[in-house]
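First up is the structure itself, then whatever we jot down about it.
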Amino acid sequence: MCGRFYLTAPPAEIRKQFKVQNVPALMPHYNIAPTQTSPIVIAEGKGRELHLARWGLVPPWSRDLSLGARMINAPAAALEERAAYSAPFRSQRCLVPANGFFEWEAHGSKKQPYKIAVRNGALIAFAGLWEKWTPESGDPVETFTIITTAASKLISEVHDRMPVIIAPADYQLWLTASPATAKKLLLPYASGLTITPISERVNNIQNDDVELLLPLSAP
DNA sequence: CCAGACGTTGTT
DNA sequence: GTCTGG
DNA sequence: CCAGACGTTGTT
DNA sequence: GTCTGG
């Protein structure tokens with residue numbers, strides 16, 4: 001699955017990679033957890049916009065935000081079957097910028113965390129869905145979920161699910177094509193990913209520093 | 001038709 | 001809003 | 001995903 | 001053990 005990721009690229013790089021005009025101030029985040037805020041790229045007219053959104057999809061009919069904590073991932077195969085996902089899959093797809101994500105490998109009762117990224121550490125984009133939720137009083141909140149699929153061969157060495165990664169050439173298709181076309185992009189991404197064991201410090205979401213990404217030193 | 005729910009993952 | 005269950 | 005909490009009632 | 005919060 002994908003229950004934790006990181007985004008460290010500076011705003012200028014995000015603007016260039018995703019061809020968005022407006023980029024809000026962004027700090028690097030090395031340990032993004034569900035319910036936290038991170039930028040998403042959505043289609044707006046003929047262009048794209050970067051919005052800050054809360055991780056965990058909260059549909060507009062939801063009574064409160066709490067549902068979001070259980071809607072952090074949407075399995076690709078269920079997008080058209082689940083009531084909560086079918087509407088946003090048709091009209092509110094998004095890209096979730098990231099420099100990588102984390103998975104935990106179960107080793108008996110112990111769990112070893114790994115970071116997964118492309119070989120050169122470049123920006124990637126997860127396939128996502130977004131919604132706007134409006135409280136009875138107060139400002140609307142935009143929320144998102146990350147679509148998951150079966151792990152690629154490499155990733156399956158540590159975990160059996162992974163987020164869907166969209167290649168830059170397919171950004172526009174994912175954002176604006178028909179659902180039938182968009183569905184074809186929901187494949188395990190396999191080119192150039194690396195898996196690196198890292199410290200268990202990543203377990204605690206209060207740790208958010210560059211050292212989380214260091215390879216675990218050999219014992 | 002209306003009422004009621006609306007979610008994923010891993011683990012043993 | 002939209003799907004499932006009765 | 002992991003960490004951390006895990007409870008009710010009445011009152012201001 | 002299971003749920004909530006981040």
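Worth saying up front: this structure is predicted, and the values here are computed from it rather than measured. What you see below is based on every heavy atom in this structure, not just the backbone, and it leaves out hydrogens, waters and symmetry mates. Per chain, numbering begins at 1; letters A, B, ... match sequence-line order.
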Nearest-angstrom distance, P atom, dG7(D) to dT4(E): 10 Å
NZ/NE/NH1/NH2 to OD/OE distance under 4.0 Å, E80(A) and K183(A): yes
Span that lies between the C1' atom of dC1(D) and that of dG10(B), in whole angstrom: 11 Å
Member of Y6(A), F5(A), Y30(A), F126(A) meeting the ring-ring contact (aromatic ring centres under 6.0 Å, His included) criterion with F101(A): F126(A)
Phosphate OP1/OP2 of dT9(B) contacted by R161(A) side-chain N/O (<4.0 Å): yes
Test item: side-chain donor near acceptor, D64(A) and W133(A), under 3.5 Å: no
Under-4.0 Å side-chain N/O to phosphate OP1/OP2 contact, R90(A) with dG1(C): no
Test side chain to side chain contact (heavy atoms under 4.5 Å, CB included) applied to S86(A) and E81(A), step by step: CA-CA 7 Å; S86(A) 59; E81(A) 301 164 9; over 6 Å; no
Separation of dC1(D) P from N207(A) CG (nearest whole Å): 19 Å
From dG4(D), dG5(E), dT11(B), nucleotide with atom closest to N204(A) side chain: dG4(D)
Y85(A) versus E131(A), side-chain donor and acceptor atoms under 3.5 Å: no
N/O (side chain, T148(A)) to phosphate O (OP1/OP2, dT9(B)) under 4.0 Å: yes
Sugar-phosphate, base or nothing in reach of E81(A), heavy atoms under 4.0 Å: sugar-phosphate
Closest listed nucleotide, where the reference is the side chain of S86(A) and the choices are dT2(C), dT9(B), dT8(B): dT2(C)
H51(A): side-chain hydrogen bond (donor to acceptor under 3.5 Å, both in side chains) partners, not counting sequence neighbours: E49(A), E142(A)
Touch class at under 4.0 angstrom, heavy-atom based, for P59(A) against every strand present: nothing
Span that lies between the P atom of dC2(D) and that of dT9(B), in whole angstrom: 14 Å
Nearest listed nucleotide, side chain of A78(A), among dG6(E), dT8(B), dT11(B): dT8(B)
Ring-on-base stacking dC6(B) with W61(A) (under 5.5 Å, under 30°): yes
Residues forming a side-chain hydrogen bond (donor to acceptor under 3.5 Å, both in side chains) with Q36(A), sequence neighbours excluded: none
Touch class at under 4.0 angstrom, heavy-atom based, for L57(A) against every strand present: nothing
Separation of the C1' atoms in dC6(B) and dA5(D), to the nearest angstrom: 26 Å
Short side-chain donor-acceptor distance under 3.5 Å, R54(A) and T143(A): no
N203(A) side chain, from C-beta outward: closest of dC1(D), dC2(D), dG1(C): dC2(D)
Side chain of A84(A) - closest among dA3(D), dT2(C), dC6(B): dC6(B)
Any-strand Watson-Crick or G-U partner of dG5(C), both distances under 3.5 Å: dC2(B)
Residues in contact with DNA chain B, drawn from residues 32-41 of chain A - heavy-atom cutoff 4.0 Å: none
Sugar-phosphate, base or nothing in reach of Y85(A), heavy atoms under 4.0 Å: sugar-phosphate
Who pairs with dT8(B) - Watson-Crick or G-U, where each distance is under 3.5 Å: none
